[in-house]
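Here the structure is laid out as structure tokens; the discussion comes afterwards.
Counting convention: from 1, in listed order, for ligands and their atoms alike. The shown structure was predicted, so the numbers you read here are calculated from the model rather than taken from an experiment.
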Amino acid sequence: MINRLLSYESIVGAPAISQIRQLAAPLEGASVVHVNSTRVGGGVAEILAWLVPMMQELGLDVDWEVVTGNAAFFDVTKTFHNGLQGKPVPLPSSMIQAYEEVSDANAERLRDKLEAADFVIIHDPQPARLLKLCPNRKGMWVWRCHIDASHPNRRIWNYLRQQVEGYNASIFSMPSFAKSLPHPQFIIAPSIDPLSDKNRDLEDTFISQTLERHGIPNDAPLITQVSRFDRFKDPIGVIEGFKLLNSSTDAHLVLAGGGATDDPEGQAVYDEVIEAADADPRIHVLLLPGDAHREINALQRASVVVVQKSLQEGFGLTVTEAMWKGKPVIGGNAGGIRLQVYNHYTGFLVESPQGMALRIRELLRHPRKRSRMGATAKQLVTENFLLVRHLREYLTLMLGVRSGLANHLVAQ
Ligand code: UDP
């Protein structure tokens, strides 16, 4: 069996790993089920891909389940996502019906396992209704919201609130996302796995082969945004900003993304991006498979500047990934990007394509500033956004909610 924890000692130090083992010891053998809506694509799948094996290695009995659904279901859950992020979206009864029917079917399939588990961690709105459909729950249920829910559309939140208020606790990425709910809310920022294919060191030859394979020149300054093709990620704004750089630079733009299986809008946004790129040979729009982690790693490493011009963002793991690789990030002034991009220190926060172009020009002209910012960015990630800190907070939360239940039972 791979000893992952041991490998992390060289990055975070032995005491941090020993602390994790200490926290996990009282949870040994506890059954934990994580439920989300896709195994590939997007930040949640990215986190669960390391969190689940790490918890298993610590002696917890962990499973990862994925809710399945039809196109109508994922249309509704995308509507929830958009509505939580503040978009004015409709919620007719037909949509509620589609959501509830698919939730019922998933509950039929998963009920025995979920009701028996010591901890159930439900990620985002897609599986949120499972709690109501599992009345004989034995363990603690936690709703983990990864979305920027600071200013939700009222109609959507009123419905979702009914689904999540019965949980024992919820987790948000930032204090400003927390909601009025009748249970404890925890603030836990996401993190990246520094030893995963997405983030570990790569040989230079693999990086240049990746560029070559996609027809991207090796000797031009590269500006990259990695994202699902989603309007909140503002790929069109990125293209606009890039076009404002005009011919005074020889930079190329890479927009790399792929589909998440739970994202029905991806194709339409991709088509809009292709149209906006207008066959400009300096703009490379790449549609990558969900497991192209090393390629994304290579593209981020090959870049001089990474952009994440989101209009709303729960956290933005792509920002963390770029910063871990020592890249300054030009980020949209939104949600969790603000936790990572500190103006003039780890990159720049921008509000418009014009702002993006201005800051790219500045960074292209000043290589020393780029490397200074990149080094600060890497340090910020090392200290705050690596998986060991994240795991520690999960374990602490689990111990906390479990003893909360014990106290509650004693009090009765
Ligand atoms: N990602 C990927 N392939 C893609 C697009 C994104 O592997 O084509 C990864 C990206 O590297 C990051 C995650 O998916 O790890 C996206 O997480 P983020 O928090 O940035 O955004 P989300 O998609 O969750 O809104």
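- Looking at Asn158 and Gln162, their side chains never bring a donor and an acceptor atom within 3.5 Å of each other.
- For an aromatic pair to be called close, the ring centres must be under 6.0 Å apart, and Phe172 with Phe177 fails this.
- Taking any N or O of Glu321, backbone or side chain, at least one lies under 3.5 Å from an N or O belonging to ligand 1.
- Between Gln225, Arg228, Lys233, His81, it is Lys233 that holds the heavy atom closest to atom 21 (O) of ligand 1.
- Between His214 and His284, the ring center distance fails the sub-6.0 Å criterion.
- In Gln308, neither the side chain nor the backbone holds a heavy atom less than 4.0 Å from any atom of ligand 1.
- Residues Gln308 and Ser227 bring a donor and an acceptor atom of their side chains to less than 3.5 Å of each other.
- Shown in contact with Ser227 at under 4.0 Å from a heavy atom are these atoms of ligand 1, numbered in order with element: 5 (C).
- Residue-level proximity to ligand 1 for Ile192 is absent, since no heavy atom of it falls below 4.0 angstrom.
- Scored by the salt bridge (Lys or Arg N to Asp or Glu O under 4.0 Å) test, Arg282 finds Asp280 as partners (sequence neighbours excluded).
- Classified by interplanar angle (parallel below 30°, tilted 30° to 60°, perpendicular above 60°), the ring pair Phe315/Phe385 is perpendicular.
- Proximity to Gly43 (heavy-atom distance under 4.0 Å) selects the following atoms of ligand 1: 13 (C), 16 (C), 17 (O), 22 (P), 23 (O), 24 (O).
- Near Gly316, with a cut-off below 4.0 Å to any heavy atom, the atoms of ligand 1 are 19 (O), 20 (O).
- Of all atoms in ligand 1, listed by their number and element, those nearer than 4.0 Å to a heavy atom of Lys198 are 2 (C), 7 (O), 9 (C), 10 (C), 11 (O), 15 (O).
- Checked against a 3.5 angstrom limit, the closest N/O atoms of Leu317 and ligand 1 fall inside it.
- Below 4.0 Å from some heavy atom of Ile296 lie the following atoms of ligand 1, by number and element: 2 (C), 3 (N), 4 (C), 7 (O).
- Taking only nitrogen or oxygen atoms, main chain and side chain alike, Thr318 reaches within less than 3.5 Å of ligand 1.
- When Leu51, Ile47, Val142 are each tested for a side chain to side chain contact (heavy atoms under 4.5 Å, CB included) with His34, only one passes: Leu51.
- With no hydrogens or angles considered, no side-chain donor-acceptor pair links His151 and Gln312 at under 3.5 Å.
- Counting only non-hydrogen atoms, the option in Ala49, Gly258, Pro190 that gets closest to atom 4 (C) of ligand 1 is Gly258.
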